[in-house]
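Okay, structure first, notes after.
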Number of protein chains: 2
Amino acid sequence: MASLSFIGAGPGHPDWLTLRAYHLLQQAQLVVYDALVSQQILQLVNPYASLIQVGKRSSQRGYHPTEIAQLLMNSYHQGNHTVRLKGGDVSIFARFYEEILPIHEACIPFEIVPGITTASGVCASLACALTHRSLASSVTFISAMEAISPFRWSKLISTSDTLVVYMPLANLPSLIDGYLQAGGHPETPILLVQWCSLDTQATLLGTISTINHQIQRHQFGPPSLAIIGEVTTLCIGST
Amino acid sequence: MASLSFIGAGPGHPDWLTLRAYHLLQQAQLVVYDALVSQQILQLVNPYASLIQVGKRSSQRGYHPTEIAQLLMNSYHQGNHTVRLKGGDVSIFARFYEEILPIHEACIPFEIVPGITTASGVCASLACALTHRSLASSVTFISAMEAISPFRWSKLISTSDTLVVYMPLANLPSLIDGYLQAGGHPETPILLVQWCSLDTQATLLGTISTINHQIQRHQFGPPSLAIIGEVTTLCIGST
């Protein structure tokens with residue numbers, strides 16, 4: 001019997017896939033995945049499954065959400081166990097809602113399997129926390145794919161003790177300018193993590209005033225995540 | 001050879017445990033767990049393991065973090081595969097840092113395994129998202145175990161499109177008073193979810209002005225989570 005599942009693949013390491021996600025990838029007949037889903041995760045897919053990469057890659061255009069939904073519905077109607085695989089968790093900056101809506105309107109049943117969001121993965125791999133009894137009573141997740149005005153920065157800074165910035169590198173210089181213009185302290189610690197959970201994981205711990213220079217020196221690139229706030233100074237590293 | 005692992009158990013359903021967590025629970029010789037870790041998860045533990053519940057339960061006092069750390073270190077020194085199991089994810093309102101610090105200072109190696117945080121679990125089970133291209137460009141996680149001043153509420157409301165409140169019921173009437181005093185709109189939608197991912201899962205969708213009454217009428221209790229914001233109106237429910 002056909003099935004349709006939206007699955008969060010987590011940051012990349014197969015160990016951090018959920019039991020349900022693993023089971024569904026093993027029985028999948030079609031897997032539609034984003035560019036950032038790791039090769040290690042894709043290797044767990046049923047070897048007889050078809051794989052379609054729909055993420056935007058350099059010069060190629062990405063698929064529109066309605067095209068992806070159509071692809072999934074066609075596969076479902078052909079009787080396939082169909083999986084839509086996204087990096088991280090499906091509920092946080094994954095834009096899955098635009099894909100799910102046409103499927104829901106077509107009355108096609110589906111399942112959603114949550115994934116480890118990259119912020120949780122970073123904390124696990126470095127032994128720090130996003131919240132802390134005396135340092136951080138709240139944490140805000142923002143995406144840097146769009147510009148953040150100094151006005152919005154000033155509210156973010158004064159509200160949340162920990163700020164997690166998804167996809168920070170696309171706009172990092174303007175992010176930092178906005179942060180400083182909004183009155184953010186140049187010595188605020190910031191942690192950047194690239195390729196979280198994979199063998200290629202790399203980290204940079206700096207301050208708002210130094211991080212740009214560090215990124216250039218270390219040729220740091222995407223995929224990465226930034227955590228801003230005092231909690232980053234507590235990283236002790238899993239040993 | 002002895003080992004020591006801190007594991008996030010996710011919201012409760014065993015299907016949402018990670019592969020690594022499952023593996024470590026299968027080989028554990030001692031599991032030290034919180035009151036809210038589900039029975040279904042505990043049933044996956046190696047049947048020859050000892051289990052110690054350290055969470056606070058009604059009249060009993062809870063263990064202090066340093067006592068828990070000592071328990072874990074003693075077990076490690078006895079040569080056991082030792083697991084510290086927490087509900088949800090270890091990095092979000094789990095207060096694991098106080099437990100880890102003495103272990104780190106004693107130079108005992110440990111591993112951290114992230115878990116699905118309950119907010120992600122709620123979104124997966126109800127088919128909604130915490131962020132949305134046009135409705136919510138940020139999400140803030142707060143805990144209601146401590147009071148939130150109207151001043152802090154006013155910043156939270158004006159900063160983040162989606163607010164996730166962990167453990168909201170302990171202080172809900174005062175939370176709502178603070179939200180309204182801070183200028184929050186009484187018609188703002190709020191979603192409450194109890195026992196996320198388990199057979200006993202229950203949901204209430206209301207507004208800031210109605211939710212208190214609904215909670216009393218439905219005798220809603222902990223463990224639960226609240227999501228405040230327009231994204232809650234998009235829940236379509238997994239079918």
Side-chain angles (χ1 to χ4, degrees), chain A residues 6 8 10-11 13-20 22-23 89-98 100-101 104 107-117 119-125 127-133 137-143 146 152 155-156 158-160 234 236 238-239, chain B residues 6 8 10-11 13-20 22-23 89-98 100-101 104 107-117 119-125 127-133 137-143 146 152 155-156 158-160 234 236 238-239:
Chain A
F6 285 76
H13 199 295
D15 276 354
W16 290 353
L17 206 61
T18 63
L19 297 176
R20 183 66 184 156
Y22 179 73
H23 170 76
D89 176 42
V90 292
S91 74
I92 298 174
F93 303 123
R95 295 190 177 164
F96 86 126
Y97 196 77
E98 292 101 318
I100 272 186
L101 206 55
H104 172 65
C107 296
I108 293 175
F110 60 86
E111 173 180 355
I112 303 174
V113 182
I116 300 293
T117 192
S120 297
V122 163
C123 289
S125 70
C128 62
L130 296 170
T131 64
H132 183 278
R133 198 165 198 168
S137 63
S138 64
V139 52
T140 297
F141 293 2
I142 53 179
S143 159
E146 279 138 42
R152 187 153 166 247
K155 290 186 170 180
L156 285 166
S158 64
T159 306
S160 247
L234 300 180
I236 52 186
S238 298
T239 43
Chain B
F6 285 75
H13 199 295
D15 275 355
W16 290 354
L17 206 61
T18 63
L19 296 175
R20 183 67 184 156
Y22 178 75
H23 171 75
D89 177 41
V90 292
S91 75
I92 298 172
F93 303 121
R95 296 192 177 161
F96 86 125
Y97 195 77
E98 292 102 318
I100 272 185
L101 205 55
H104 173 65
C107 297
I108 294 175
F110 60 87
E111 173 180 356
I112 304 175
V113 182
I116 301 294
T117 193
S120 297
V122 163
C123 290
S125 70
C128 62
L130 296 170
T131 63
H132 184 278
R133 196 164 200 170
S137 64
S138 63
V139 52
T140 297
F141 294 2
I142 52 178
S143 159
E146 279 139 43
R152 189 156 164 244
K155 290 187 170 178
L156 286 166
S158 65
T159 306
S160 249
L234 300 181
I236 52 185
S238 298
T239 42

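All chains are named by letter (A, B, ...) in the order of the sequence lines, taking the proteins before the strands, and each is independently numbered beginning at 1.
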Does the side chain of B/Ile100 come within less than 4.5 Å of B/Ile112's, by heavy atoms?
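Result yes, sub-4.5 Å side-chain heavy-atom pair found.
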
To the nearest 0.5 angstrom, please state how far the OG1 atom of A/Thr140 sits from the CG atom of B/Leu156.
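Nearest 0.5 Å value for the OG1-CG distance: 7.5 Å.
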
Distance from B/Thr117 atom OG1 to B/Leu130 atom CG, nearest 0.5 Å?
9.5 Å

For each of A/Val113, A/Val139, A/Val122, A/Ile142, tally heavy-atom pairs with chain B at distances under 4.5 Å, and name the one with the top tally.
A/Val139

Choice from A/Val90, A/Thr18, A/Ile92 maximising heavy atom contacts with chain B below 4.5 Å:
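Ranked by heavy-atom pairs under 4.5 Å with chain B, first place is A/Thr18.
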
I'd like to know which of [options] tops the heavy-atom pair count under 4.5 Å against chain A.
{"options": "B/Ser143, B/Ala119, B/Cys128", "result": "B/Cys128"}
{"options": "B/Ser120, B/Gly10, B/Ala94, B/Ser160", "result": "B/Ser120"}
{"options": "B/Pro114, B/Ser138, B/Gly8", "result": "B/Pro114"}

By a 4.5 Å heavy-atom criterion (distance strictly below it), what part of [X] contacts chain B: side chain, backbone, both, or neither?
{"X": "A/Ser137", "value": "both"}
{"X": "A/Phe93", "value": "both"}
{"X": "A/Tyr22", "value": "side chain"}
{"X": "A/Pro11", "value": "neither"}

Taken in chain and number order and not counting sequence neighbours, the residues that satisfy salt bridge (Lys or Arg N to Asp or Glu O under 4.0 Å) with B/Arg152 are none

For B/Arg95, enumerate each residue passing the salt bridge (Lys or Arg N to Asp or Glu O under 4.0 Å) test, keeping only those at least two apart in sequence or located in another chain.
B/Glu146

Indicate the atoms forming the closest heavy-atom contact of B/Phe96 with A/Ala127, along with that distance.
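Minimum heavy-atom contact is CZ-C, 4.4 Å.
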
Look at the rings of B/Phe141 and A/Phe141 and say which category their plane angle falls in: under 30° parallel, 30 to 60° tilted, over 60° perpendicular.
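If you compare the ring of B/Phe141 with that of A/Phe141, the planes turn out tilted.
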
